[in-house]
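One structure is given here, and the rest of the page talks about it.
A, B, ... follow the sequence lines: proteins, then strands. Residue 1 opens every chain.
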Amino acid sequence: MISQYAQVIINQPSIHIDQYFDYKIPTALLGEIQEGQRVIVPFGRGDRTVDAFVVGIKDHCDIEDNKIKEIIQIIEEAPTLTANQLKLAKWIRDYYICLHIEALQVMIPGGMNIVKKERVFLNLARITEKCIGKNNTLESKVVQYIQEQNRPMDLDTIYRTFPGQENKRRIKKMVRENYLDVQEKFYMGIREKEEKYIMLSGKYKSQEDYLKEIKNTAHKQREIIMHLDHFPYKLRDIKNKLNISNSSIESLLKKELISITSKMVFRNPYHNRNFQNPRKTLTGEQKNIIEQFEYLIKKPSQKMLIHGVTGSGKTEIYLNMIEKMLKMGKQSILLVPEISLTPQMVERVIGRFGEQVSVLHSHLSHGEKYDQWKRIKAGKTNIVVGARSAIFAPLKSLGLIIIDEEHETSYKSSNRPRYHAKEVAEKLCEIVDCHLVLGSATPSIESYHSTENREYHLLSLKNRIDHIPMPDITLVDMRNELKEGNYSILSKELRRAIEQNLQEKHQSILFLNRRGYSTFVSCRKCGYVEKCPKCDVSLTYHQNNHRLLCHYCGYTKPTPKICPCCKSRKIRFFGTGTQKVETIIKKEFPQARILRMDVDTTRKKGSHDQIINAFKNQEADILIGTQMISKGLDFPRVTLVGVIIADTSLNLPDFRAAERTFQLTTQVAGRAGRSVLSGQVIVQTYEPSHYSLIHAQQHDYDNFYKEEINLRREMQYPPFKKLINIVFTGEDEESLIRKINTFYLQLTDYLREAGKGHLINDIFKPVPCSISKIKNKYRWHLIIKTNDLLLFSHILKKGYPKGVEESNNLNIAIDINPMSII
DNA sequence: AGCACGCCGACT
DNA sequence: GTCGGCGTGCTC
């Protein structure tokens, strides 16, 4: 009999144990252990039990026989992860430089982690023998406490009852010396939800016969029986209705008069919602794209980019593609930027495919997520709609991944692993041989570039549905307004347009990428600016509570009436946020009904939908909002979109600033004139000649792209070179600077020694981040701009440079292909 | 990370 | 001689 060994990854996120550990598969489990399963193994000197992922199985292992241990137990029969997912996890680990366990953990929904419960029992024989429990020591108190509770206690509860390091150590010692026995139990953090049902046991035929067995004084029991029947009712309903306790139920059970059964329930976030989305006739352009799609997917693993102007019917194309896949017996994943911002997409997919659709996103509870995941895993779903992490949905025969609004930054994770769903999707397509479709009205420069080098097929939709014309976009030079003595945030033109729209009873959207009232507060006399004491940003004035607020850490303080610096009364508010826009619009158009949508008005659950629905039902004339109103929303009666200041995103110190501005302007303009009513867009700016605005005005992606790609080539920014952003954060700025400089020097030294000296110029010297402090933590970064991403990630992965490690007061974030370098 | 081991000083 | 505090190093 040959032995088999399992390669496992211990579920403990630490760099020191980020490696494979080999365990012998015990004879009892031979043939049972599979890749992707979670198991329990003894680990470390004390053989403490931990859970681990089996990532490989082999017949031989190089570890000495006396060192090797055996797997204790399997947690779940069915492997949690598939072989393909394990492959993908390895790629994520290497590409994004994270721990192997982090790459595995990101593939399963939160709440599915394994929890270890340690139940404590008193070993009374040993306790009396050694006379513990008599004196007033901690040991005796613990014994007394457990005795008083009169039930097995969780070790954790005992630690919490007797807090402190010292106590913990002594309790551990009691366990080690067998005064306390510990029974370990592993279980999943989330369980299937069960609903209990109650019915008559079937012992008798008529209710009277049942009642004969119950004393006349047991009113509650009699009442219960009278409400029951020979088919099941929900126990919870009966309990609530009759206001009964468990004891009456228990006595009835004892007499075998009732029976209780339980049924697994599926926590469906979309239950009793009925969406309808009948199939639409395709336009010529749409048909053409579907035909190209059908042709292309005959070949292995094709990648396509649909560049379709806003309102050109990309969703209908996605639905058709998914349908084609279903006919071929293949499943699809449809990624959307953020479910809560694109409820219409989910409705349309469910409306078309109904029960076959699963929805996965971060607003689901752990239980809901787990149920959706299980349904997908069981093969009950053929379509998964979801945000970024839905790319890891465990579909068995994946044929197509669609990424809608592929340029959106929310596809990039800001936690480890800092993956981008598009890059993961590309890798996944390679692994499972499926197809990838990206869609956007404003494709990212990188994606569009890959259509030029034929990596992606470009599919274009140049016209809106029903040939609704693109809205007219006017750029208003706010410098002229100033010259003409108009100091208002509204230009004459925008004011006139709003007024006219109000008269015609059409709706308007006003967009501004800043929340709050004023963006900074300053003294006109001495120039003092109110800044956050914990962050390197100015405080925003909020009108509702008349306080200053930090948008990064939430710090807040009352607005000063006199300057804290020079004691003058010349404190003034500068800059404009959505609150100020709201106030001004209210003043200038008192008859208008106004809604405001930003982080401050959508904090409550459901308020998001509420605002959108109110506006859709024409309960308001004007919607004022930030980014969150710019995407995916379809309001047919909106004919005017006003951008209060387009320059906000333009002046960010980031190489993607122009791209962002073009995207944002185009997307927000796309909210106008989506029906027979034609639309008008007014963009206010201090820089009307900027190419991103000019091309947005002319709905001219191609020329924007040409101009932008030339700049990128000139500056050697992505896609021409890849970026790595390494951010050091910590409370002690001095040691932070010292460490990042050491890091830099070691990197350059390493390159020199490895004969790669010419790559030293790829590394920029460490500098403070644009926002140099957040929440009292200083931030410095080091940027690598290179053609040799693999070499650098290899160096960084090997833990090089050594000596600079994360600690309590130093955090190192390595971001491969960052979305922003601010 | 979490734990045992081992060295050292303090104290019964 | 024993206890426990903390630095070191290993975990299949």
Contacts under 3.5 Å, N or O only, protein and nucleotides 5-7 of chain C:
unit_1 : atom_1 : unit_2   : atom_2 : d
C:dG5  : OP2    : A:Arg169 : NH2    : 3.4

A:Asp18/A:Arg93 ion pair, N-O < 4.0 Å: no
Looking at every non-hydrogen atom in both residues, tell me the closest pair between A:Glu806 and A:Ile812 and how far apart they are. OE2-N, 2.9 Å
Restricting to side chain to side chain donor-acceptor pair (under 3.5 Å), what partner residues turn up for A:Trp780, sequence neighbours left out? A:Glu733
Are more than 12 heavy atoms from other residues, nucleotides or ligands located less than 6.0 Å from atom NZ of A:Lys773? yes
For atom CG of A:Asp65, is the number of surrounding heavy atoms from other residues, nucleotides or ligands below 6.0 Å larger than 12? no
Would you check, one step at a time, whether the test side-chain hydrogen bond (donor to acceptor under 3.5 Å, both in side chains) holds for A:Tyr555 with A:Asn776? CA-CA 11 Å; A:Tyr555 170 87; A:Asn776 271 337; over 6 Å; no
A:Lys67 side chain N/O closer than 4.0 Å to the phosphate oxygens (OP1, OP2) of C:dC12? no
Distance, rounded to the nearest Å, where A:Ile25 contributes CD1 and C:dC12 contributes C1': 13 Å
Rounded to whole Å, the CZ-P distance (A:Phe21 to C:dC12) equals 7 Å
Exercise: do A:Glu423 and A:Tyr96 side chains pair donor with acceptor under 3.5 Å: yes
Between A:Pro337 and A:Glu408, which heavy-atom pair has the shortest distance, and what is it? CG-CG, 3.6 Å
Under 4.0 Å, heavy atom to any atom of DNA chain C: which of residues 39-64 of chain A qualify? A:Pro42, A:Phe43, A:Gly44, A:Arg45, A:Ile63
Salt-bridge criterion met for A:Asp22 and A:Lys58 (N-O under 4.0 Å): yes
Quick one: do A:Arg656 and A:Glu446 make a salt bridge, cutoff under 4.0 Å? yes
Give the residues of residues 4-18 of chain A touching DNA chain B, defined as any heavy atom closer than 4.0 Å, sorted by residue number. A:Gln12, A:Ser14, A:His16, A:Ile17
State, yes or no, whether a side-chain contact exists between A:Ile822 and A:Pro653 at a heavy-atom distance under 4.5 Å. yes
Bounds of contact between DNA chain B and chain A, in 5' to 3' order, using a heavy-atom cut-off under 4.0 Å: B:dA1 to B:dC5
Under 3.5 Å, which donor-acceptor pairs do the side chains of residues 106-121 of chain A form with other protein atoms, sequence neighbours left out?
unit_1   : atom_1 : unit_2   : atom_2 : d
A:Lys116 : NZ     : A:Thr49  : O      : 2.8
A:Lys116 : NZ     : A:Thr49  : OG1    : 3.1
A:Lys116 : NZ     : A:Glu184 : OE2    : 3.4

How many Å lie between CG on A:Asn66 and C1' on C:dC12, as a whole number? 11 Å
Between A:Arg752 and A:Asp749, is there a salt bridge with N-O shorter than 4.0 Å? yes
